[in-house]
Amino acid sequence: MTRSAIQLSRLLDELESLYGPPHPSWPTDPYLFLVWWHCGYPASDIACAKGWASLTKSVGTTPEKLLATSPEKLAAALKPGGMVPELRAQRLKEIAMRVKDHLDGDLRSALTGPLDKARKELKKFPNIGDPGVDRILLFAHIAPIAAVPSNSPHVLVRILLGRERENYGVNYREAQTAIESQTPAAFDARTRAYLLLKQHAQQTCKRTNPRCDCCPISTSCAFFSGKLRGRPAPASN
Ligand code: SF4
């Protein structure tokens with residue numbers, strides 16, 4: 001095991017000691033995840049959970065139920081999840097229609113087989129880019145992809161390299177490469193890394209104002225070392 005591999009493994013152990021064993025707070029079935037993802041806007045675990053609770057109570061989540069419900073009623077059910085409920089209602093109908101009419105009501109089965117085909121299929125759904133595809137395939141136990149939380153690729157880049165890049169795509173790839181090379185290609189290991197990094201970003205290593213002074217892994221963090229020296233650590237590209 002390389003020095004950096006030991007470092008990431010130890011960092012994840014320290015984060016788990018702080019936050020406890022992680023569990024996903026969203027449905028892991030691919031179709032239900034797509035529904036949940038559109039239950040809140042701006043999408044966050046809290047907003048989506050509120051919209052999801054309201055939708056499951058007043059409408060349901062099957063394609064048939066979503067398609068049989070009027071746009072107005074669907075939008076009212078999604079309102080607790082935040083902004084643009086009318087647009088999210090329309091998106092849910094598109095998702096339901098695609099799954100029912102094109103995939104015989106079974107998205108999961110459509111994702112089996114070559115990974116490229118599964119990625120292409122998922123990207124046909126609204127608001128699903130590469131990070132969303134990675135997350136769905138990992139948590140549905142379809143492929144143990146080194147998924148990175150879409151709102152926090154900066155965490156690992158800060159810790160390992162010192163400073164996040166300007167470009168979101170470069171940050172994502174840097175973080176993904178680190179997870180890929182330093183965790184076993186197994187569902188448990190990669191879902192654990194995803195969830196712990198996500199939680200660390202939400203609670204401590206915030207995007208615009210990281211709470212380095214109370215961070216339990218600051219002594220292992222290149223970004224923090226740079227701050228102590230009075231200058232940001234250099235980005236490598
Ligand atoms: S020390 Fe600061 S930058 Fe480093 S992981 Fe902790 S919060 Fe993030």
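When a residue number appears, it is its place in the shown sequence, counting from 1. In listed order, ligands and their atoms are each counted from 1. Hydrogens, waters and symmetry mates are skipped; everything else that's a heavy atom, side chains included, is used. These figures come from a predicted structure and were not determined experimentally.
- Only protein N, O or S atoms were scored, and 1 of them lie under 2.8 Å from atom 8 (Fe) of ligand 1.
- The pair Glu94-Arg98 does not count as a salt bridge, with every side-chain nitrogen at least 4.0 angstrom from each carboxylate oxygen.
- A distance-only check finds a donor-acceptor pair linking the side chain of Tyr31 to the backbone of Thr61 [under 3.5 Å].
- Side chains of Thr204 and Tyr19: a donor-acceptor N/O pair is present below 3.5 angstrom, by distance only.
- Arg88 places no side-chain N or O within 3.5 Å of a backbone atom of Trp37 that could act as its donor or acceptor partner.
- With 3.5 Å as the limit, one finds no donor-acceptor pair spanning the side chains of Asn127 and Tyr41.
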Mind listing the side-chain donor-acceptor pairs of residues 62-75 below 3.5 Å, one per line with the distance, residues two or more places apart or on another chain?
| residue | atom | partner | partner atom | Å |
| --- | --- | --- | --- | --- |
| Thr62 | OG1 | Lys65 | N | 3.2 |
| Thr69 | OG1 | Lys65 | O | 2.7 |
| Ser70 | OG | Lys73 | N | 3.1 |

